[in-house]
Amino acid sequence: MTNERKAPLDFIRTIIAEDLKSNKYQGRVVTRFPPEPNGYLHIGHAKSICLNFGVAKENQGGVCHLRFDDTNPIKEEEEFFESIKEDVHWLGFDWGKNLFHASDYFEQLYQWAIQLINSGKAYVCDLSADQMREYRGTPTQPGRNSPYRDRSVEENLDLFQRMRAGEFEEGSRVLRAKIDMAAPNINLRDPAMYRILKVAHQRTGDQWRIYPTYDWAHGQSDSIEKITQSICTLEFEIHRPLYDWFIEQIGIYHPRQIEFARLNLTYTVLSKRMLKQLVESKLVSGWDDPRMPTISGLRKRGYTPEAIRDFCDRIGVAKADSRVDIALLEHCLREDLNKRANRVMAVLRPLKVVIENYPEGQAEDLEAVNNPEDPASGTRKVSFSRVIYIEREDFMENPPKGFFRLAPGREVRLRYGYYITCKDVVKDPKTGEITELHCVYDPETRGGGSPDGRKVKATLHWVSAEHSLPAEVRLYGHLFTKPNPDEIEEGKDWKDSLNPESLETLTGCRVEPSLKNAQPGDRFQFERLGYFCVDKDSKAGAPVFNRAVSLRDEWSRIQKSRK
RNA sequence: UGGGGCGUCGCCAAGUUGGUAAGGCAUGGGAUUUUGGCUCCCAUAUUCGUAGGUUCGAAUCCUGCCGCCCCAGCCA
């Protein structure tokens, strides 16, 4: 299948187009997304997924593999394998039969290691980790050769086999590539290929007592899978000479590695290490906390795969370090949901309004449009009665200039309802808090239009007291107060900039009756408020909504600019 | 100070052989509006980190300088 993209080709797609043109790989395009199953996927991974699977999809016969780089059993867990597969699928991509694991190649890798030992290109080293560090030198000083560097092939073979057999303690020996301890590129200073880890592996069980390092496994895994363009992030650029060296020494198929800049987003962190810490220290409710930039968190928050894919298309792919404004992500969601989400009325902070001239005990159904952006979505009925709730912030006793919602003596429209005019403000005599409003309605304005053509400045959302349903609503804000939480100030901890107001739970909310049968995962636009998603915590008659993103709000911006 | 990269509008990012700076987000203004939503118009880099050089002409070529990121895990 071939999908056309409108945007100009990024540098990676340009390279692939050129490779195709020169027939470098006989017309094949095989990419791969190679996560380590040691955490949940986040929006940064989505960028890589969209790139790798996207490139495959755009080119005739292109394929993208999902390969788990499961070379470190200490950090990897079954839970992560599952979440990763779920998230990739949810994003809309399919690896088909091409699901692989670096652990599938452990035996082959071992044989290649033997080959390198035989050709004098690898040796068993007895230096401790600390000693190895000392011998490695620094960026400006060359390293020194290990005293074990010149062991005979026979001895190396023997030792390496015994490492595999589990004869030695963890950390006592490693297999190293014999390259150049004076190389200016530190990765070439005899890097470790195998370490002893007496730990069971999720997939290979107790079969192995030694495990390949990522550097030793990754390039060969790509080679085995006949990957054409091996796309990875910038930090691996300096590893490329090592990968090239391994592949040349073994004499196998050579994929082309291309590096791009990883994603950074404002007001959040995109490092698995930090995200894991937030989860483990219970600073968030889990990997799928709606405040997390994880795929599962975004999903729970109400994001759509379409919005995330659109975002990934828009940010582009390049080599310059960058930090994308999270407002762009939010914009992508709004744009998607504006077209698709049905509109509904919900009052988050209810203020009671009694319509004095509306007959007691009377009720009527008003017709409301489900989505003005999508005529096919039809209409629904909304119950109206004498006592309704409006949003507390839609009334001001002493309105400042520019506030054109309800105020004493002022007339506004109730969406799909009537024009009402505020006659009285009732307050708690003790606290002075406004407890209810008394209004009168104009029966001629049913549906929201006035026969005399009189205009009102504002339209309010509302809900009938008697007919509405109680609900809980969770409002989410940025996880951090700083745009760049990973740039830590002197003497501070990155967690210090966590936003204490990133979650606000509202319990006394009222929503219109049509939401009675809303299912977890359903998304709606609460008119004038934002886009909300039904949470799994919902119970019958007690729905819970997560705010995915607010609507753009000119009034709040006016207020903000006045401060 | 060794090596590898990168520097185009507030944030991303096009700019393929040098020909006179796309687009999106954000922001400001206006129109429209039964969501202060959506939509639609308009505005916003005489300038491409910087200083020189080559050229009729440079963001694109050359040289120097400055800045930022990555590398010293038996992590990935």
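Protein chains get the first letters and strands the later ones, always in sequence-line order, with residue 1 at the start of each. Predicted, not measured: the structure shown is a model, and the values here were computed from it.
Using Watson-Crick or G-U wobble geometry with both donor-acceptor distances under 3.5 Å, B:A13 finds no partner in any strand shown. Under the Watson-Crick or G-U wobble criterion, with both distances below 3.5 Å, B:A76 has no partner in any strand shown. B:A26 makes up no base pair with any nucleotide shown, lacking Watson-Crick or G-U wobble contacts both under 3.5 Å. Pair assignment for B:G52: B:C62, on the basis of Watson-Crick or G-U wobble contacts that are both within less than 3.5 Å. Under the Watson-Crick and G-U wobble criteria, each requiring two contacts below 3.5 Å, nucleotide B:G36 is left unpaired.
Distance check on atom P: B:U47 versus B:G5 gives 32 Å, rounded to whole Å. Separation of the P atoms belonging to B:U46 and B:G53 is 22 Å when rounded to the nearest angstrom. Separation of the C1' atoms belonging to B:C38 and B:A58 is 44 Å when rounded to the nearest angstrom. Comparing the C1' positions of B:C68 and B:U8 gives an interatomic distance of 16 Å, to the nearest angstrom. Using C1' as the reference atom, B:G19 and B:G3 are 38 Å apart when rounded to the nearest Å. Between B:C6 and B:C74, the two C1' atoms lie 32 Å apart (nearest whole Å). Only the C1' atoms considered, B:U17 is 26 Å distant from B:G49, to the nearest whole Å. Here the separation of B:G18 from B:U60, taken at their P atoms, is 12 Å to the nearest Å.
Of the candidates B:C75, B:C6, B:A14, B:C6 carries the atom nearest the A:A320 side chain, counting heavy atoms from C-beta on. Of the candidates B:G36, B:A72, B:U35, B:U35 carries the atom nearest the A:E527 side chain, counting heavy atoms from C-beta on. For A:K319, the listed nucleotide lying nearest its side chain is B:G5; candidates were B:G5, B:A76, B:C12. When distances are taken from the side chain of A:L551 to each of B:U35, B:C12, B:G4, the shortest belongs to B:U35. Among the nucleotides B:A76, B:G3, B:C12, the one closest to the side chain of A:T71 is B:A76. Distance from the side chain of A:V174 is smallest to B:C74 among B:U35, B:C74, B:C38. Among the nucleotides B:G4, B:C74, B:C69, the one closest to any side-chain atom of A:D321 is B:C69. Relative to the side chain of A:T140, the nucleotides B:U1, B:G36, B:C74 differ in distance, and B:U1 lies closest. For A:R136, the listed nucleotide lying nearest its side chain is B:C74; candidates were B:G36, B:U35, B:C74. Side-chain proximity of A:P184 to B:A14, B:G2, B:A13: nearest is B:G2.
A:Y211 comes within 4.0 angstrom of nothing in the nucleic acid, heavy atoms only. Within 4.0 Å (heavy atoms only), A:P34 reaches no atom of the nucleic acid at all. Residue contacts for A:L127: at a heavy-atom cut-off of 4.0 Å it reaches a base atom on one of the strands shown. Residue contacts for A:F68: at a heavy-atom cut-off of 4.0 Å it reaches no nucleic acid atom on any strand shown. Among the protein residues, A:M132 comes within range of the nucleic acid bases, having at least one heavy atom under 4.0 Å from a base atom. Within 4.0 Å of A:G402, counting heavy atoms only, lies at least one base atom of the nucleic acid. A:V412 comes within 4.0 angstrom of no nucleic acid atom, judged by non-hydrogen atoms across all strands. As judged by a 4.0 angstrom heavy-atom cut-off over every strand, A:T138 is placed among the base-contacting residues. Among the atoms of the strands shown, none is found under 4.0 Å from any heavy atom of A:Q141. A:T14 comes within contact range of no nucleotide atom at all, as no heavy-atom separation falls under 4.0 Å. Counting any heavy atom pair closer than 4.0 Å across all strands shown, A:H239 reaches a base atom. Residue A:R323 is classed as a sugar-phosphate contact, given heavy-atom separations below 4.0 Å to backbone atoms only. Here A:F236 lies in heavy-atom contact (under 4.0 Å) with a base.
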Scoring nucleotides 24-31 of chain B by protein non-hydrogen atoms under 4.0 Å (B base, S sugar-phosphate only, - none) yields SSSSS---
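Proximity of the aromatic rings of A:F384 and A:Y418 is defined here by a centroid distance below 6.0 angstrom, and this criterion is met.
Here the P atom of nucleotide B:A76 and the CH2 atom of A:W216 are 14 Å apart, to the nearest Å. Atoms CZ (A:R240) and P (B:A76) sit 20 Å apart, rounded to a whole Å. If you take CD1 of A:I84 and C1' of B:A76, they are 12 Å apart, rounded to a whole angstrom. In this entry the distance linking CZ of A:R262 with C1' of B:C71 reads 14 Å, nearest Å. When rounded to the nearest whole Å, the span between CG of A:D215 and P of B:G73 equals 13 Å. The separation between A:N484 atom CG and B:C12 atom P is 12 Å, rounded to whole Å. Look at CZ on A:R13: it is 13 Å from P on B:G15, rounded to the nearest Å. Here the P atom of nucleotide B:U33 and the CZ atom of A:R343 are 18 Å apart, to the nearest Å.
Cation-pi geometry between A:R144 and A:Y135 is satisfied (NZ or CZ under 6.0 Å from the ring centre, within 45° of the ring normal). Geometric assessment of A:R164 against the ring of A:Y110 yields a positive cation-pi assignment under the 6.0 Å and 45° thresholds. Both tests hold for A:R173 against A:F168: distance to the six-membered ring centre under 6.0 Å, angle to the ring axis within 45°.
For the side chain to side chain contact (heavy atoms under 4.5 Å, CB included) with A:D70, the qualifying choice from A:E36, A:K75, A:Q202 is A:Q202, the only one to do so. For the side chain to side chain contact (heavy atoms under 4.5 Å, CB included) criterion with A:L263, the lone passing option out of A:T233, A:V317, A:V324 is A:V324.
For the atom pair CG of A:D69 and CZ of A:F33, the computed distance is 10.0 Å after rounding to the nearest 0.5 Å. The CD1 atom of A:I388 sits 9.0 Å away from the CE atom of A:M345 when rounded to the nearest 0.5 Å.
Below 30°, between 30° and 60°, or above 60°: for A:F80 and A:W287 the angle between ring planes is above 60°, a perpendicular geometry. Ring-plane geometry between A:F236 and A:H218 is classed as parallel, the angle between the planes falling under 30 degrees on a 0 to 90 degree scale with a further cut at 60.
Donor-acceptor pairing under 3.5 Å, judged by distance alone, is present between the side chain of A:E373 and the base of B:G37.
The glycosidic torsion of B:G73 lies within 90° of 0, placing the base in the syn range.
Note on A:R413: every side-chain N or O is 4.0 Å or more away from OP1 and OP2 of B:U33.
Counting non-hydrogen atoms of other residues, nucleotides and ligands closer than 6.0 Å to NZ of A:K457 gives a total of 12 or fewer.
Ion pairing between a basic and an acidic side chain is recognised when a charged N comes within 4.0 Å of a carboxylate O; A:K339 and A:D374 show no such pairing.
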